[in-house]
There are 2 protein chains.
Amino acid sequence: MVHDSRVSSRAASARPALEPGAEGVGVRLRRLREQAGISLSELARRANVGKATLSGLENGTRNPTLETLWSVTAALGVPITALLAGGQTGVVRGTAVEATLLQVFDDGPVTYELYRMVVPPGPAQASPAHHTGVTEHVTVFSGVLQAGPADAPLLAGPGEHISWTSDVPHRYAAVGDEPVHASLLIRYPRAASPQP
Amino acid sequence: MVHDSRVSSRAASARPALEPGAEGVGVRLRRLREQAGISLSELARRANVGKATLSGLENGTRNPTLETLWSVTAALGVPITALLAGGQTGVVRGTAVEATLLQVFDDGPVTYELYRMVVPPGPAQASPAHHTGVTEHVTVFSGVLQAGPADAPLLAGPGEHISWTSDVPHRYAAVGDEPVHASLLIRYPRAASPQP
DNA sequence: GGCGACCGTTCCGTTTGCGGAACGATGGCG
DNA sequence: CGCCATCGTTCCGCAAACGGAACGGTCGCC
């Protein structure tokens with residue numbers, strides 16, 4: 001369920017502002033606070049934020065700043081992602097592939113994105129070529145995956161690993177009736193120089 | 001000109017610690033945007049935020065609201081957590097290996113655990129044999145890793161992948177002076193018990 | 001019952017993040 | 001060469017998020 005999170009410009013904002021994310025954040029915050037066994041006033045005191053701020057945040061009637069979120073989560077001793085990741089984390093949907101971004105690892109010259117991927121049975125998904133030097137690495141959890149360059153796809157069953165350079169058109173498809181679960185690692189070398 | 005006596009512009013921080021300030025967020029945002037190959041103006045247009053907002057955000061001179069972060073990350077197609085970069089989930093520490101559990105995938109007869117692993121330079125870490133049928137899969141992000149069965153270790157450099165069956169004693173070590181960053185996937189056939 | 005401590009919400013003045021507009025810098029093009 | 005589009009930064013009025021104070025409500029204790 002991909003919900004459109006584009007926020008209309010604030011012009012003509014005659015409706016009560018309740019952006020999609022704030023509600024869930026408030027609910028999760030209240031749950032975390034109650035799990036910690038402290039009152040709203042006490043948390044406000046520890047986090048050095050106003051009670052009004054905290055109250056509005058838990059009820060979803062405010063649009064908190066990043067600094068506020070950091071203060072509150074630090075006082076609770078939880079990572080800030082505990083408030084934000086409760087809903088769906090980054091889900092990228094293609095025509096036949098659904099990938100959930102687990103982590104981004106940035107090593108200066110190279111960036112890695114680690115996904116968990118699900119390929120349902122059905123028609124293959126075609127992907128256009130990425131930038132030069134991009135490679136993809138897949139380890140299959142379950143099912144049988146056919147993936148790789150469109151002209152020379154590879155096969156991988158449970159526990160197997162395949163990789164290819166994705167600077168050519170490539171594709172993903174599940175072989176058989178079973179959906180494929182896999183981890184997908186995309187490696188982006190630092191392409192600071194655009195191609196003419 | 002506003003006189004700000006406490007601007008932390010380009011503070012040459014000695015350690016790569018998680019700075020709760022917006023500075024790290026700005027750096028990551030700029031990197032993600034350049035990786036997507038779009039200009040600041042273009043991203044501002046797509047995300048329906050002002051260029052001033054985006055500029056100040058990338059330079060760490062603003063304290064963005066959650067709504068702004070939602071809009072920008074949605075326009076980039078990345079999860080909001082990609083900006084906050086704090087995946088401090090479960091952390092497993094060995095004598096020479098630090099692994100962060102990213103996700104557990106339970107497929108009935110098989111359980112997968114996906115880690116991000118860091119092996120600092122120094123003496124190797126020895127691991128005793130796991131249960132029969134357990135396999136490990138490593139994809140190296142940076143550095144050179146020597147890993148695998150103690151009597152026949154394998155080598156892998158950046159972007160390379162190695163795997164082995166870990167039902168025999170095995171080891172991990174960084175080759176050279178550079179720490180090794182890698183993803184580690186452990187596959188436990190037949191409902192295995194989590195690692196103590 | 002009266003009273004004080006604490007709860008979470010609401011009101012209010014101040015602070016600040018917001019988008020739009022204007023700015024100088026840069027590059028493509030006739 | 002001038003012209004124009006686009007880049008990223010800076011200025012500015014406005015709306016909103018902020019902390020502090022006041023509010024009504026509930027509980028425990030004398």
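The figures here come from the full heavy-atom set of this structure, side chains too, leaving out hydrogens, waters and symmetry mates. The sequence lines fix the lettering, A, B, ..., with proteins before strands; numbering per chain opens at 1. Everything quoted here is computed from the prediction, not taken from an experiment.
- Taking side-chain N and O atoms only, A:Ser39 has no distance below 4.0 Å to OP1 or OP2 of C:dC6.
- Between B:His137 atom NE2 and A:His137 atom NE2 the span is 15.0 Å, to the nearest 0.5 Å.
- Rounded to a whole Å, the CH2 atom of B:Trp70 is 16 Å from the P atom of C:dC18.
- Dashed line: the shortest gap from a side-chain N or O of A:Arg45 to OP1 or OP2 of C:dC6 is not under 4.0 Å.
- Within the structure, every side-chain polar atom (N or O) of B:Thr65 is placed at least 4.0 Å from both OP1 and OP2 of D:dA17.
- No option in A:Val180, A:Val138, A:Val175, A:Val144 other than A:Val180 meets the side chain to side chain contact (heavy atoms under 4.5 Å, CB included) test with A:Val119.
- Protein atom CG of A:Leu57 is 14 Å distant from nucleotide atom P of C:dG8, rounded to whole Å.
- The environment of A:Gln146 atom CD is dense: over 12 non-hydrogen atoms of other residues, nucleotides or ligands sit within 6.0 angstrom.
- One interatomic measurement links the two molecules: CD1 of B:Ile38 to P of D:dC7, which rounds to 10 Å at whole-angstrom precision.
- Atoms CZ and CD, from B:Arg45 and B:Glu42 in turn, are 5.0 Å apart once rounded to the nearest 0.5 Å.
- Between the CG atom of A:Leu43 and the P atom of D:dG19 there is a distance of 12 Å, rounded to whole Å.
- B:Leu66 has its side chain out of reach of A:Thr68: every pair of non-hydrogen atoms, C-beta onward, lies at least 4.5 Å apart.
- Look at CD on B:Glu67: it is 15 Å from P on D:dA15, rounded to the nearest Å.
- With rounding to the nearest 0.5 Å, the separation of CZ in B:Arg46 from OG in B:Ser71 is 14.5 Å.
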Report each atom pair, protein N/O against N/O of nucleotides 9-16 of chain C, whose distance is under 3.5 angstrom.
residue, atom, partner, partner atom, Å
C:dT9, OP1, A:Asn59, ND2, 3.3
C:dT9, OP2, A:Ser55, OG, 2.8

